[in-house]
Amino acid sequence: MANKITMENQDWKTIGFGYRKTNYNVRCYYKNGAWGPLELSDSEYINIHMSATALHYGQEAFEGLKAFMGKDGKVRIFRMDENAKRMQYSADGILMERIPLDKFQEAVKLAVEKNMDFVPPYGCGASLYIRPLLIGSGPQIGVKPADEYLFIVFVMPVGPYFPEGFKPTDLLIMRKFDRAAPQGTGKYKVGGNYAASLTAGKKAKAEGYSAVLYLDSREKKYIDECGPANFFGIKNGAYITPESDSILPSITNKSLMKIAEDIGLKVERRRVPVEELETFEEVGACGTAAVISPIKRIYDDDLDKEYTYGTEPGPWTTKLYEKLRAIQDGDAPDPYGWVTVIE
Ligand SMILES: *Cc1c(COP(=O)(O)O)cnc(C)c1O
C-alpha cells in the first residue's frame with residue numbers, strides 16, 4: 001500500500017494519468033468452455049502461462065471508461081453498456097472468447113464499489129478511470145486462439161486531462177507511418193494497434209505535437225483518426241467525422257454526435273479528404289481520456305503545409321465539451337440513459 005492515496009492527502013489537479021494501486025480488482029476466468037464467477041483480488045499481479053497467446057500472438061483487448069463523483073455524492077459510470085459491447089466486438093475480431101455483457105457490467109460496478117475511496121471528489125476535474133482487460137491466457141505455440149481467457153477490471157483515479165483548463169494542442173501528419181491496415185485490426189481496441197503506433201507517437205511528441213493524425217493507409221487521401229482518439233471537424237453548422245474501416249468506433253464520438261444534433265448541428269459521418277482540413281472552422285480529437293482535445297494547428301510534414309484553427313477552443317467545441325461533461329458529472333439530465341448511478 002505504498003502509494004495508497006486518500007481523499008485527504010491528494011492534490012487531484014496534479015495526479016495526472018498514470019497507474020496507481022487501489023484496493024481491489026475483479027477477475028473472471030474462462031476455462032473448460034465456460035466463464036467462472038467474478039473474483040475479487042487485492043493483488044496487482046497475475047500468474048500466467050509463459051506460452052499464453054496474449055504474450056506471443058497478441059490476443060489482448062482492452063477498454064477504457066470513467067466514473068465521476070456527483071454533487072449528490074453518487075458515483076456515475078458513463079456508458080458502460082457500450083464498452084461491454086465493444087469488448088465483445090474486439091474479442092470477435094481477434095478470436096477471443098466474448099465476456100458476457102452482464103458479466104462485464106457487474107465486474108465494472110463491483111470494481112468501482114470496492115474502490116469507492118478512490119473516486120475523486122465532485123468538481124475537481126479528476127475521475128476514476130476503469131480499465132477492463134481481456135487476454136488469451138491459455139498456452140499455444142502454434143498460431144491459434146487460446147482455450148482459456150482471463151478478464152480483469154481494475155481502476156485508478158486520474159487527474160483532469162487539462163489541469164490548466166481546456167487548451168488546444170497540435171497534431172502531426174506523417175505519411176510514412178500507419179497505425180492499422182485498411183482491412184486490419186484498426187477497428188478493434190487491441191494492444192497490437194498501440195504497439196504499431198508507438199514509434200510515430202514518440203516522434204510526434206518529441207517534436208511538440210500531442211498526437212499523430214493518421215490518414216487512411218491505402219491511399220493516404222482521407223483522414224482516419226488521431227492515435228488514441230477519433231477526429232472531428234466543424235464547419236457551416238455541421239459536425240463532420242470520418243467513416244473508415246480502420247478506425248476505432250469511439251463512444252465519446254458517438255455521444256458527441258448525439259449532443260451535436262441536440263444543439264442544432266448537422267452530423268455527417270463520411271470520408272473526409274485531407275484537403276478538407278483547410279475548410280474547418282473548429283477541429284478536435286475525442287476520446288474518454290480528454291472527452292475533447294481541441295486542436296489549434298495541424299502540420300502536414302510531407303507537404304510542409306499547416307492548417308490553423310485559432311489558439312482558443314471554438315464555440316461549438318466548447319459547448320459540446322461542456323454538455324457532455326455535465327451529463328457525466330450528473331449536473332445535467334441524462335436524457336439517453338448513458339449513466340449508471342452507484343448509490
Ligand atoms: C479507445 C480509443 C478511442 C476512443 O474511444 P472512446 O470510447 O471514446 O474512449 C479512439 N481511438 C482509438 C484507437 C482507441 O483505442
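Side chains included, hydrogens not; waters and symmetry mates left out as well; all remaining heavy atoms used. Just so you know, ligand 1 is whichever comes first in the structure, and atom 1 is the first atom listed for that ligand.
- Close approach of ligand 1 to Glu225 (heavy-atom distance below 4.0 Å) involves ligand atoms 10 (C), 11 (N), 12 (C), 13 (C).
- Residues Phe280 and Tyr307 place their aromatic rings such that the two centres sit no closer than 6.0 Å.
- Within the structure, ligand 1 has Gly227 among the residues with a heavy atom less than 4.0 angstrom away.
- The side-chain hydrogen bond (donor to acceptor under 3.5 Å, both in side chains) test with Lys296 singles out one residue from Thr311, Asp170, Thr169, and that residue is Asp170.
- Listed by number with element, the atoms of ligand 1 under 4.0 angstrom from any heavy atom of Tyr194 are 2 (C), 12 (C), 13 (C), 14 (C), 15 (O).
- Considering OH of Tyr129 and CE of Met156, their distance stands at 7.5 Å, rounded to 0.5 Å.
- Shortest contact from atom 13 (C) of ligand 1 to any protein heavy atom: Arg179 NH2, 3.2 Å.
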Would Leu172 and Leu213 satisfy side chain to side chain contact (heavy atoms under 4.5 Å, CB included), going step by step from the backbone distance to the final call?
-> CA-CA 6 Å; Leu172 178 63; Leu213 178 58; over 6 Å; no
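- For the pair Thr288 and ligand 1, the shortest N or O to N or O distance falls below 3.5 Å.
- With hydrogens left out, the protein atom closest to atom 3 (C) of ligand 1 is Pro228 O, 3.2 Å, a heavy atom.
- Of the listed options Arg86, Glu82, Lys189, Lys189 places a heavy atom closest to atom 2 (C) of ligand 1.
- In this structure, a donor-acceptor pair under 3.5 Å is present between the side chains of Thr185 and Asn193.
- The closest donor-acceptor contact from the side chain of Gln59 to the backbone of Pro145 lies at 3.5 Å or more, if one exists at all.
- For the pair Ser250 and ligand 1, the shortest N or O to N or O distance falls below 3.5 Å.
- Any N or O atom pair closer than 3.5 Å counts here, and Ile251 shares at least one such pair with ligand 1.
- Between the side chain of Arg20 and the backbone N or O of Ile15 there is at least one donor-acceptor pair closer than 3.5 Å.
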